[in-house]
Number of protein chains: 2
Amino acid sequence: MAETRWLDDEEQHAWRSYLRMNKLLEAALARELQADSQLSLPDFEVLVHLTDVPDARLRVSALARSLQWEKSRLSHQIARMARRGLVTREECPDDGRGAFVVVTPDGRRAIEEAAPPHVETVRQLFFDVLTDDDVKALTVLSERVLDRLDTHTP
Amino acid sequence: MAETRWLDDEEQHAWRSYLRMNKLLEAALARELQADSQLSLPDFEVLVHLTDVPDARLRVSALARSLQWEKSRLSHQIARMARRGLVTREECPDDGRGAFVVVTPDGRRAIEEAAPPHVETVRQLFFDVLTDDDVKALTVLSERVLDRLDTHTP
DNA sequence: GCGGAATAGTTGACACGTCATCCAGACGCG
DNA sequence: CGCGTCTGGATGACGTGTCAACTATTCCGC
């Protein structure tokens, strides 16, 4: 292995700022969402994807694909959400192994109440302090990193 | 409450790309670190801060400040790391309530082996695909968001 | 149609984080 | 000194995430 290419001061600073922004931004969004709607960010994501579809019902595997989550994670999440009455599981007549996840009326009410203030928070904490150029630059940058991640690990 | 200021397509896309980059980048870094060194990212952070100081020993509260972690989180983390022999707790003679966290020889070996490949991964997955201007822009952008977070929640 | 491989989903163990609570020792003030 | 309060830190419960193992069904080739 060649000499380690350590980070210089500027890189170090960039890296720390970026990591810190991620953590604190996510924490703030989670806190607000919880306070406004008793939902966690994972709850919110699941409900968004579920209600995005006719009947608000999806096969577990389809929902997992749509969220890009692994099935085990989703299974645990569904279990917790079902316990709180946000979704229910239903058997799948076509495939004895399969299952549907369905949004309950409570779940629908929750997401409809949660979405507007959540988007507003995202705006206030993020988009409102960025210029259009910032947003473009960040998008491009993110996609370059994502490409790299893709080629790096298949 | 006024009309919700929903995200337009470009904002939506930016937001998703950014979130996805965060998640996948962190996951990739964690995976590589684990594979190379049997350390988690939290382990790594704790060891970096501890070994950054003479004697590699710190009061729990000082370490918490340095990491900007809450004391409870740190306490749990120390417990897990102590169980694996990376650090030990020591009583504080000056203050009967207090405790020191000390890096063990195993812990020191672990961080010294872990650091170079970890930095290399950060380079390969992140800095190598960014221009200097990207890095500057990201730093400024992160700091603006952090400022906003600061004023938003004291 | 039967036996083995692939698929759908659940479960259990464990790491990590947060919150609320608890406890012991230090501190401050009469 | 004595008592209330503040502080350093640990703990337990719970939500979240990963990994590995398991179950039950379907699929496929003969």
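Each chain gets a letter, A, B and so on, in the order its sequence line appears, and its residues count up from 1.
Ion pairing between B:D106 and B:R109 holds under the 4.0 Å rule for side-chain N and carboxylate O.
You'll find a donor-acceptor pair under 3.5 Å spanning the side chain of B:H76 and the base of D:dG12, going by distance alone. The base of D:dT7 sits within donor-acceptor range of the side chain of B:R97, with an N or O pair under 3.5 Å.
Checking the phosphate oxygens (OP1, OP2) of C:dC16, a side-chain nitrogen or oxygen of B:R80 falls inside 4.0 Å. Taking side-chain N and O atoms only, A:S61 has no distance below 4.0 Å to OP1 or OP2 of C:dT7.
Each of B:L74 and A:D43 lies near DNA chain D, and the nucleotide nearest B:L74 is the one positioned closer to the 5' end. Nearer the 5' end of DNA chain D, as judged by each residue's closest nucleotide, is the contact made by A:R84, out of A:K71 and A:R84.
Side-chain contact between B:R57 and B:L50: absent, with no pair of heavy atoms (C-beta onward) separated by less than 4.5 Å.
Using a 4.0 Å heavy-atom cutoff across all strands shown, B:R31 reaches no nucleic acid atom at all. In this structure, A:R83 reaches the sugar-phosphate backbone alone: every heavy-atom distance under 4.0 Å involves primed, P, OP1 or OP2 atoms, never a base. Residue B:S75 is classed as a base contact, given a heavy-atom separation below 4.0 Å to a base. Residue B:S72 is in base contact, counting any heavy-atom pair closer than 4.0 Å across all strands shown.
Judged by distance alone, the side chains of B:Q34 and B:Q38 never bring a donor and an acceptor atom under 3.5 Å apart. Defined by atom type and a distance below 3.5 Å, a donor-acceptor pair is present between the side-chain atoms of B:Q77 and B:D43.
Summarising the geometry, the separation between CD on B:Q34 and P on D:dG17 is reported as 18 Å, rounded to the nearest angstrom. Straight-line distance from the CG atom of B:L41 to the P atom of C:dC16: 10 Å, rounded to whole Å. Atom-to-atom, CD of B:E70 to P of D:dG9 comes out at 15 Å; the value is rounded to the nearest Å.
Among D:dG9, C:dA8, D:dG17, the nucleotide with an atom closest to any side-chain atom of B:R59 is D:dG9.
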